[in-house]
**Q** 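The following block contains the structure, expressed as structure tokens.
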Amino acid sequence: MNTQALTKRFPTMMVMLMLLFSPFSWAAIVNNNHLYQTSQEIQQQLQAIRQHQQQATLTLQAPIFADKLAIHLVFKAQQLNQLAANLQTQHGIQPSEVANIPYRVMRPRNVMPYLQQLSQQLASVAQGLGINQPVQAELPLGKSVNDVYQQLVVIELLLEGLLEREDQQVLARNLQQIEQDLLLVSKASQRPLQFHSVTGITGREMSDVNIMLFQSLYLFQRLLRQLEVEPSEPGRLPVGDSSSYQVVDSSVTLKAELHRLKTKLQLEQDSQVDGGLQFSDANQAYAEALKLRNGLLMILGEPAL
């Protein structure tokens, strides 16, 4: 390369080097390792709050997850944002507004704002309690979306005892929103769908509700394939009795999968639900989950079981 050509290219090379080594360029790079690191720091925040509140030490055994996507992280993080907002209210702090989830293909960088908000929410609680404990976690390597999701479940477990959970209310709202969103899908895809109430359910437990939701997840896989959307695997049903945490988690996964389908169909609107809905027991929750399962069979063109 002659001197004249090098001179002409020198300014361009300098700009590229400045962008490469600028802290602003690195700030835009977010991968699963960064999400894992942030989730570890959030756990430290919660551990400090638990210690200050003299909460019992928990034995944390989060399950292993498979085939999770960034959209699942976003929905799980949003759920944690709402729990943290409830914790803020409980401590007399103005709760942070929980952000809506945009209709787009999600990447790790789209997850980070929800985790950053969660960290800020917990920091406000810690400040109100007079806790001044810095948090710092090393940046790991080789972490997957499944690893990050597991850490978000650990965060949820660490909230145990710190606030009054409203799992039956959250589950009722989630299932109603899923049904309303499916009605939008049925209209857009010109597939018949009706939901019929189920009565006379007795003797059910939350594990039965979770089994029914997992059936819906597998049926939803078939619907996604028929509408040319690559489905994710629902994973395995938890061993033993399902807690209300796990049942709500299954409904959150359903919401995330439905969000992917609505994005593909360009149905970019959130269904409105009654915020006062609440199940009184597992029997009511099972009846609604059965109603959802039967609706999915109808939209697939299969007879109800």
Side-chain angles (χ1 to χ4, degrees), residues 58 61-63 65 72 75-76 79 82-83 86 153 156-157 159-161 163-186 191-224 231 233-259 261 271-305:
L58 297 177
Q61 294 181 338
F65 296 93
H72 299 124
F75 270 83
K76 191 65 181 178
Q79 179 199 359
Q82 184 58 64
L83 290 172
N86 295 345
V153 171
E156 183 178 15
L157 295 175
L159 285 164
E160 172 68 28
L163 76 163
E164 292 291 330
R165 291 179 62 102
E166 300 173 337
D167 290 335
Q168 294 288 6
Q169 185 178 18
V170 172
L171 180 60
R173 289 202 304 264
N174 286 352
L175 293 186
Q176 188 191 59
Q177 183 171 2
I178 291 166
E179 291 168 4
Q180 294 300 316
D181 281 347
L182 278 172
L183 288 171
L184 294 175
V185 170
S186 73
R191 292 167 174 255
L193 175 61
Q194 291 181 334
F195 290 107
H196 300 287
S197 298
V198 180
T199 59
I201 301 296
T202 59
R204 298 298 180 176
E205 298 178 351
M206 293 308 290
S207 294
D208 300 310
V209 181
N210 212 17
I211 290 172
M212 191 58 59
L213 291 182
F214 263 76
Q215 289 184 21
S216 292
L217 281 167
Y218 279 100
L219 290 172
F220 200 74
Q221 269 190 312
R222 291 172 54 188
L223 180 62
L224 287 173
E233 290 293 331
R236 297 179 179 179
L237 187 70
V239 177
D241 295 335
S242 295
S243 66
S244 59
Y245 287 26
Q246 292 167 319
V247 178
V248 170
D249 187 75
S250 297
S251 71
V252 170
T253 299
L254 265 170
K255 285 178 61 180
E257 288 294 286
L258 193 49
H259 191 277
L261 178 56
S271 297
Q272 300 301 312
V273 299
D274 182 0
L277 287 175
Q278 183 170 343
F279 297 134
S280 60
D281 54 26
N283 293 321
Q284 280 193 359
Y286 183 88
E288 196 67 25
L290 179 57
K291 173 183 169 184
L292 171 62
R293 195 279 309 272
N294 290 342
L296 280 166
L297 286 169
M298 178 181 290
I299 200 172
L300 288 167
E302 301 287 345
L305 300 178

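Everything numeric here is computed off the predicted structure, so don't read it as measured data.
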**Q** Is there a side chain to side chain contact (heavy atoms under 4.5 Å, CB included) between Ile211 and Gln215 once you walk through the steps?
**A** CA-CA 6 Å; Ile211 290 172; Gln215 289 184 21; 3.9 Å; yes
**Q** How many angstroms lie between NE2 in His72 and CD in Glu257, if you round to the nearest 0.5 Å?
**A**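 Here the rounded value is 3.5 Å.
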**Q** Once rounded to the nearest 0.5 Å, what's the spacing between atom OG1 of Thr253 and atom CZ of Phe65?
**A**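 Spacing of OG1 (Thr253) from CZ (Phe65) equals 8.0 Å.
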**Q** Considering the options Arg173, Lys255, Lys291, which one meets the salt bridge (Lys or Arg N to Asp or Glu O under 4.0 Å) requirement together with Glu179?
**A**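 Exactly one candidate clears the test, Lys291.
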**Q** Any chance you could measure Leu296, atom CG, to Phe195, atom CZ, to the nearest 0.5 Å?
**A**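 Reported value, rounded in 0.5 Å steps: 6.5 Å.
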**Q** Who pairs with Glu160 by side chain to side chain donor-acceptor pair (under 3.5 Å), at least two apart in sequence or on another chain?
**A**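 Expected list: Tyr245.
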**Q** Please test Phe220 against Leu223 for side chain to side chain contact (heavy atoms under 4.5 Å, CB included), starting from the C-alpha separation and ending with a verdict.
**A** CA-CA 5 Å; Phe220 200 74; Leu223 180 62; 3.9 Å; yes
**Q** Check whether any side-chain heavy atom of Asn294 lies under 4.5 Å from a side-chain heavy atom of His196, and answer yes or no.
**A**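 Asn294 vs His196: side chains apart.
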**Q** Just so I know, are the side chains of Leu292 and Glu288 near enough to count as touching, which here means a heavy-atom distance under 4.5 Å?
**A**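 Result no, sub-4.5 Å side-chain heavy-atom pair not found.
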**Q** What pair of heavy atoms forms the shortest contact from Asn210 to Ser242, and how long is it?
**A**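 It is ND2-OG, 3.1 Å.
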**Q** Please, which pairs that meet side chain to side chain donor-acceptor pair (under 3.5 Å) have at least one residue in residues 198-209, sequence neighbours excluded?
**A**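 Every pair satisfying side chain to side chain donor-acceptor pair (under 3.5 Å) with a residue in residues 198-209: there are none.
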**Q** Which pair of heavy atoms, one from Ser216 and one from Leu254, lies closest together, and at what distance?
**A**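 In terms of heavy atoms, the two residues are closest at CB-CD1, 4.2 Å.
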**Q** Can you tell me how far CG of Leu171 sits from OG of Ser251, rounded to the nearest 0.5 angstrom?
**A**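 Answer for the OG-CG pair, Ser251 versus Leu171, is 5.0 Å.
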**Q** With sequence neighbours left out, what residues match Gln79 under side chain to side chain donor-acceptor pair (under 3.5 Å)?
**A**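 In terms of side chain to side chain donor-acceptor pair (under 3.5 Å), with neighbours along the sequence ignored, Gln79 is linked to Lys76, Glu156.
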**Q** Going by salt bridge (charged side-chain N to carboxylate O under 4.0 Å, His left out), name the residues that satisfy it together with Asp181, two or more places apart in sequence or in a different chain.
**A**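 If we apply the salt bridge (charged side-chain N to carboxylate O under 4.0 Å, His left out) test to Asp181, skipping adjacent residues, the hits are Lys262.
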**Q** Among Leu213, Leu258, Leu183, find the residue that satisfies the side chain to side chain contact (heavy atoms under 4.5 Å, CB included) test when tested with Ile178.
**A**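 When side chain to side chain contact (heavy atoms under 4.5 Å, CB included) is applied between Ile178 and each of Leu213, Leu258, Leu183, only Leu258 qualifies.
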**Q** Which residues pass the side chain to side chain donor-acceptor pair (under 3.5 Å) test with Ser186, sequence neighbours left out?
**A**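 Applying side chain to side chain donor-acceptor pair (under 3.5 Å) to Ser186 gives none.
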**Q** For Glu166, check side chain to side chain donor-acceptor pair (under 3.5 Å) against everything at least two apart and list the hits.
**A**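 Testing Glu166 for side chain to side chain donor-acceptor pair (under 3.5 Å), a comparison that skips the adjacent residues, returns none.
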**Q** Is there side-chain contact between Leu175 and Phe279, with at least one heavy-atom pair below 4.5 Å?
**A**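 Heavy-atom side-chain distance check passes, below 4.5 Å.
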**Q** Once rounded to the nearest 0.5 Å, what's the spacing between atom CD of Gln177 and atom CG of Leu182?
**A**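 Answer rounded to 0.5 Å: 11.0 Å.
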**Q** Considering non-hydrogen atoms only, spot the tightest contact between Gln284 and Gln278 and give its length.
**A**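 In terms of heavy atoms, the two residues are closest at OE1-O, 3.9 Å.
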**Q** To the closest 0.5 Å, what do you measure between CG (Asp167) and CE (Met206)?
**A**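 Atom-to-atom, Asp167:CG and Met206:CE are 7.5 Å apart.
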**Q** Quick check: closest heavy atoms across Gly295 and Leu193, and the distance to 0.1 Å?
**A**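 That would be O-CD1, 3.1 Å.
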